[in-house]
Amino acid sequence: MPVSLRIAIVSSRVDEHDDETIERVVDVVRELRDRLDLHVGTRAAVMVAEGLTVFGDDALVEVCVDVLGSKAESREEIEEVREEIEDVV
């Protein structure tokens, strides 16, 4: 799916953020999908954007860990996910 379509989908679901924030969320989730052995997509980007609405932009790492960590099978995998997120962000 083209990035512009992902951005449009996330924007249509979460209207509290400007296009720059939505694009950043989509880019971060896409980069993490490429780096990690996790299957995440547009829904994960929507969940991250919704989380930022509640907790603020400074919580990007924690929100990503919460959303993407749910796909991990062990505590060690969650820590690996956190490290990758911190590297990407």
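Being a predicted model, the structure only gives us computed values, none of them experimental. What you see below is based on every heavy atom in this structure, not just the backbone, and it leaves out hydrogens, waters and symmetry mates.
- Under the 4.5 Å side-chain contact rule for hydrophobic residues, Val14 and Val3 share a cluster.
- For Asp66, the side chain to side chain contact (heavy atoms under 4.5 Å, CB included) test picks out no residue, with sequence neighbours left out.
- For Ser70, there are no side chain to side chain contact (heavy atoms under 4.5 Å, CB included) partners at least two apart in sequence or on another chain.
- Residue Val25 is grouped with residue Met47 when hydrophobic side chains (ILVMFWY) are merged at heavy-atom distances under 4.5 angstrom, including chains of intermediate members.
- Taking CD1 from Ile22 and CG from Asp27, the interatomic distance works out to 11.5 Å, rounded to the nearest 0.5 Å.
- Residues Leu32 and Val10 are members of separate hydrophobic clusters, defined by side-chain heavy-atom contacts under 4.5 angstrom among Ile, Leu, Val, Met, Phe, Trp and Tyr.
- Nearest heavy atom pair, residue Val26 against residue Ala45, reads CG2-CB, 4.3 Å.
- One finds a salt bridge joining Glu62 and Arg82 here, because a Lys/Arg side-chain nitrogen approaches an Asp/Glu carboxylate oxygen to under 4.0 Å.
- Counting heavy-atom neighbours within 6.0 Å of Arg33 CZ, excluding the residue itself, gives a total above 12.
- Following chains of ILVMFWY side-chain contacts shorter than 4.5 Å, one cannot reach Val40 starting from Leu5, and the two form parts of different hydrophobic clusters.
- A distance of 11.0 Å separates CG in Leu60 from CD in Glu86, rounded to the nearest 0.5 Å.
- Within the 4.5 Å cutoff, the side chain of Val46 has heavy atoms near those of the Arg43 side chain.
- Applying the salt bridge (Lys or Arg N to Asp or Glu O under 4.0 Å) definition to pairs two or more places apart or across chains, none involves residues 46-61.
- Between Val28 and Cys64, the closest heavy-atom pair is CG1-SG, 4.1 Å.
- Taking CZ of Arg30 as the start and CD of Glu23 as the end, the distance is 9.0 Å to the nearest 0.5 Å.
- Taking the salt bridge (charged side-chain N to carboxylate O under 4.0 Å, His left out) definition, one finds that Glu80 meets it with nothing, sequence neighbours left out.
- Nearest approach of Val89 to Arg24, heavy atoms of both residues: CG1-NH2, 3.6 Å.
- Rounding to the nearest 0.5 Å places CG of Leu52 at 11.0 Å from CD of Glu16.
- A search for side chain to side chain contact (heavy atoms under 4.5 Å, CB included) contacts involving Arg35 returns Glu31, Glu84, Asp87, Val88, not counting sequence neighbours.
- For the atom pair Glu73 CD and Ile78 CD1, the distance stands at 10.5 Å (nearest 0.5 Å).
- Follow the hydrophobic side-chain contacts under 4.5 Å out from Val63 and you reach Val61 in the same cluster.
- Between atom CG of residue Leu68 and atom NZ of residue Lys71 there is a gap of 8.5 Å, rounded to the nearest 0.5 Å.
- Taking all atoms of both residues into account, the shortest heavy-atom contact from Val29 to Gly41 is CG1-O, 3.8 Å.
- Partners of Asp18 under the side chain to side chain contact (heavy atoms under 4.5 Å, CB included) rule, at least two apart in sequence or in another chain, are Glu20, Thr21.
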